[in-house]
Amino acid sequence: VQNREGTHGWASKLIEIELAHVDRVEFKWYQKTFPEFQKLREKADYEDKAISQSESVGSISTANSIINCVNQNIKKK
């Protein structure tokens with residue numbers, strides 16, 4: 001059986017599990033934020049559609065927020 005989510009999906013699930021144990025507020029934020037971020041990433045990478053400059057800047061900001069969330073809450077271990 002082939003995994004349709006790929007490594008990004010698995011990584012996201014592991015992050016969710018860890019955040020759920022460490023910080024419920026961050027967990028809820030991540031659950032809301034990551035799917036929107038992933039949808040835009042897939043649009044930019046796999047569809048023949050351009051994304052706007054504001055979408056691009058917002059995506060970079062979201063990526064940095066996700067990195068900070070992981071660094072603050074998960075890398076402690």
Side-chain angles (χ1 to χ4, degrees):
V1 176
Q2 184 178 358
N3 174 17
R4 296 186 186 271
E5 287 191 40
T7 55
H8 290 116
W10 282 102
S12 177
K13 293 295 180 197
L14 291 173
I15 291 168
E16 283 185 14
I17 291 167
E18 288 297 316
L19 286 176
H21 293 294
V22 175
D23 187 326
R24 295 291 290 177
V25 173
E26 292 286 357
F27 168 70
K28 294 284 189 187
W29 173 83
Y30 184 84
Q31 276 192 313
K32 177 181 150 288
T33 304
F34 188 79
E36 296 168 3
F37 175 73
Q38 184 178 26
K39 189 182 300 181
L40 183 59
R41 186 192 67 80
E42 289 172 356
K43 177 182 173 185
D45 289 350
Y46 302 115
E47 297 177 16
D48 193 20
K49 298 178 184 175
I51 61 171
S52 70
Q53 184 176 3
S54 65
E55 286 177 309
S56 178
V57 170
S59 182
I60 292 168
S61 176
T62 300
N64 286 327
S65 294
I66 291 170
I67 290 167
N68 289 336
C69 175
V70 169
N71 285 339
Q72 290 172 2
N73 293 290
I74 296 175
K75 283 192 146 184
K76 294 176 186 176
K77 295 180 178 185

Inset, instruction - Provide the full list of ring pair (Phe, Tyr, Trp, His ring centres under 6.0 Å) pairs with a residue in residues 31-57, sequence neighbours left out, each pair given once. - result: Tyr30-Phe34
Checking [X] now: which residues fulfil side-chain hydrogen bond (donor to acceptor under 3.5 Å, both in side chains) with it, not counting sequence neighbours?
X	value
Thr33	Trp29
Asp45	Arg41
Ser59	none

Inset, instruction - Please identify each residue that fulfils salt bridge (charged side-chain N to carboxylate O under 4.0 Å, His left out) with Lys43, with sequence neighbours left out. - result: Glu55
Legend entry - salt bridge (charged side-chain N to carboxylate O under 4.0 Å, His left out) involving Lys49 - partner list, sequence neighbours excluded: Glu47
Which distance, rounded to the nearest 0.5 Å, do you find between the [atom1] of [X] and the [atom2] of [Y]?
X	Y	atom1	atom2	answer
Leu14	Ile74	CG	CD1	9.0 Å
Ile67	Gln72	CD1	CD	12.0 Å
Glu18	Asp23	CD	CG	12.5 Å
Glu42	His8	CD	NE2	9.5 Å

Legend entry - All side-chain contact (heavy atoms from CB on, under 4.5 Å) counterparts of Ala20, not counting sequence neighbours: Arg24, Phe27
Legend entry - Backbone N/O of Ser61 and side chain of Ser65: donor-acceptor pair under 3.5 Å: yes
Legend entry - Backbone N/O of Gly58 and side chain of Thr62: donor-acceptor pair under 3.5 Å: yes
Inset, instruction - Any chance you could pull the hydrophobic cluster mates of Ile51, using side-chain heavy atoms under 4.5 angstrom and chaining through other members? - result: Leu40
